[in-house]
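What follows is a single structure, written as structure tokens, with notes after it.
Convention: sequence-line order gives letters A, B, ...; per-chain numbering from 1.
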2 protein chains.
Amino acid sequence: MTNGSQRRRKGRGRTPRDGSTRERLIRAAREVLERGGYATASVIAIAERAGVSAGALYRHFPSKADLFVEVLRAAGEGELAEMNAAATQAESFIGRVEAVVATYARRALHNRRLAWALVYEPVDPLVDAERLVYRRNYCRGMAALLRQGIAAREFPNENPDLTAAALVGVISETLVGPLSPIGGESASEAEIVASLLRFCRRSVGVRDVPALRKIRPRRARTSE
Amino acid sequence: MTNGSQRRRKGRGRTPRDGSTRERLIRAAREVLERGGYATASVIAIAERAGVSAGALYRHFPSKADLFVEVLRAAGEGELAEMNAAATQAESFIGRVEAVVATYARRALHNRRLAWALVYEPVDPLVDAERLVYRRNYCRGMAALLRQGIAAREFPNENPDLTAAALVGVISETLVGPLSPIGGESASEAEIVASLLRFCRRSVGVRDVPALRKIRPRRARTSE
DNA sequence: TCCTCATGTGAATCGGCATTCACAACTAGT
DNA sequence: ACTAGTTGTGAATGCCGATTCACATGAGGA
């Protein structure tokens, strides 16, 4: 409506924009990432999806990499916040760990491509650094949880940093990794998540076993 | 051409080679990969390290990707063989699992960059496919081990595919992943591997727990 | 209205890198 | 030695995608 006069414009010049193009670029970048990964996330594709030209991008970001840093940061922060929220809802520490894992699982399954991009895919150093921040924060949070659980004597005294990294690895591999039985034959998504939670529970080494609500994880458990 | 027949070029023409340039290219590619990852593995860099020119590479491989497929396949096969050898040496299945994990750990620690390239780093689809083969084989072997252990009632009856994937994830993340407390402060390499083994042992859910605790890296922050 | 920014446009540029090409030079077979 | 076939050479080519540039256009203040 705003630009009704199309008579002599040969496409050049400014097109009025309602809101900030900057944000729309960030969103477009994330969307392109979700669909096709970095491979398809060319400047042109992003700009197109945002409804602007390639050049416009550079009015808002010094480079493509900077744009992606923003994208990753936003996504990572959102993810983190969600996890933290999940963590505070449980009483026991194992409950918190499970809540975090389950949250991660739910989100990763909901949008595997984005998760993949957030966790694995390649890029230039600048973007990688940002990704690492996210991953490290996540790992740190998990480690903190473990430490508390250890202090509370809920978990055995194992190196929490390593255990945290291992848990992140478990989740990444089983849910977003290159493979992951998820697309596979053997089990439904829900079952997989349940198995995953049992795995985490065992590997953390919880002492008492309150037994998950729907599934009973087999009792083999020697007391110490 | 400005430099036609009148001018004698000294460096041109064939330089006698003893053995197959092909193999030396494969080796060079692996070495470049080990040092700087794919980012530094340009055709020129590889050819240079092999002591030939870029063009020569194309006498032996239809494309750069094909070269890397060879590299990955060779590396993957070697790795696999080593694992299998390790697996057959133990009596119990948990012993085998641990042997495999420990072998992987030893190799990954010995050359993290290569491990990283084998497991994570990006590339074009052709190469990725080859990598996936390797990873999947590895995972499959682990799953087989788990199945046997389950059949022998050594392990609880958990989805072996998922558990195998999870174990692969654990190893990848803690040893070669972006981080991994390995470069860190808290523990020596040996301690980390020991912790890792304990983690795996717990997560697999072995019935009897011979407890291989040899190292006590930290004490809980609680009193006493 | 006129001037000046801020914001866009899209074609041109630039750079990196795989891939090709037009020749050499060595080896083997005759 | 002559001829083919093989293996190398390294400059040229081609492609792809990020980045820049010269030029619009609208909005707001004077």
Nucleotide [N], atom [atom2] - distance to [atom1] of [X] in whole Å:
X: B:L126; N: C:dT19; atom1: CG; atom2: P; answer: 11 Å
X: A:L25; N: D:dT19; atom1: CG; atom2: P; answer: 14 Å
X: A:E48; N: D:dG17; atom1: CD; atom2: P; answer: 13 Å
X: B:K64; N: D:dC15; atom1: NZ; atom2: C1'; answer: 15 Å
X: B:D66; N: C:dA18; atom1: CG; atom2: P; answer: 14 Å
X: B:I44; N: C:dA18; atom1: CD1; atom2: C1'; answer: 9 Å
X: B:L67; N: C:dT19; atom1: CG; atom2: P; answer: 10 Å

For DNA chain C, determine which residues of residues 54-61 of chain A have any heavy atom closer than 4.0 angstrom to one of its atoms, and list them numerically.
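Here the set is A:G55, A:A56, A:R59, A:H60.
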Side-chain donor or acceptor of B:R49 paired with backbone N/O of B:A29 under 3.5 Å:
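No; judged by distance alone, with no hydrogens or angles, the pair does not exist.
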Looking at A:A117, is its backbone amide N or carbonyl O close enough to the side chain of A:R131 to form a donor-acceptor pair, meaning the two atoms are under 3.5 Å apart?
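Yes: the side chain of A:R131 pairs with the backbone of A:A117.
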Taking it one step at a time, do A:R135 and B:E173 satisfy side chain to side chain contact (heavy atoms under 4.5 Å, CB included)?
CA-CA 11 Å; A:R135 201 182 180 81; B:E173 187 67 30; 2.4 Å; yes
Identify whether the distance between the nearest side-chain nitrogen and carboxylate oxygen of B:E34 and B:R30 falls below 4.0 Å.
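A salt bridge links B:E34 with B:R30.
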For A:S53, answer base if it contacts any base atom (sugar-phosphate contacts may also be present), sugar-phosphate if it contacts only those atoms, and nothing otherwise; contact means non-hydrogen atoms under 4.0 Å.
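Base, at least one base heavy atom under 4.0 Å.
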Once rounded to the nearest 0.5 Å, what's the spacing between atom CD of A:E158 and atom OG1 of A:T163?
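Answer rounded to 0.5 Å: 5.5 Å.
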Is the ring pair A:Y138/A:Y104 parallel, tilted or perpendicular, if the boundaries are 30 and 60 degrees?
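It falls in the tilted class, 30° to 60°.
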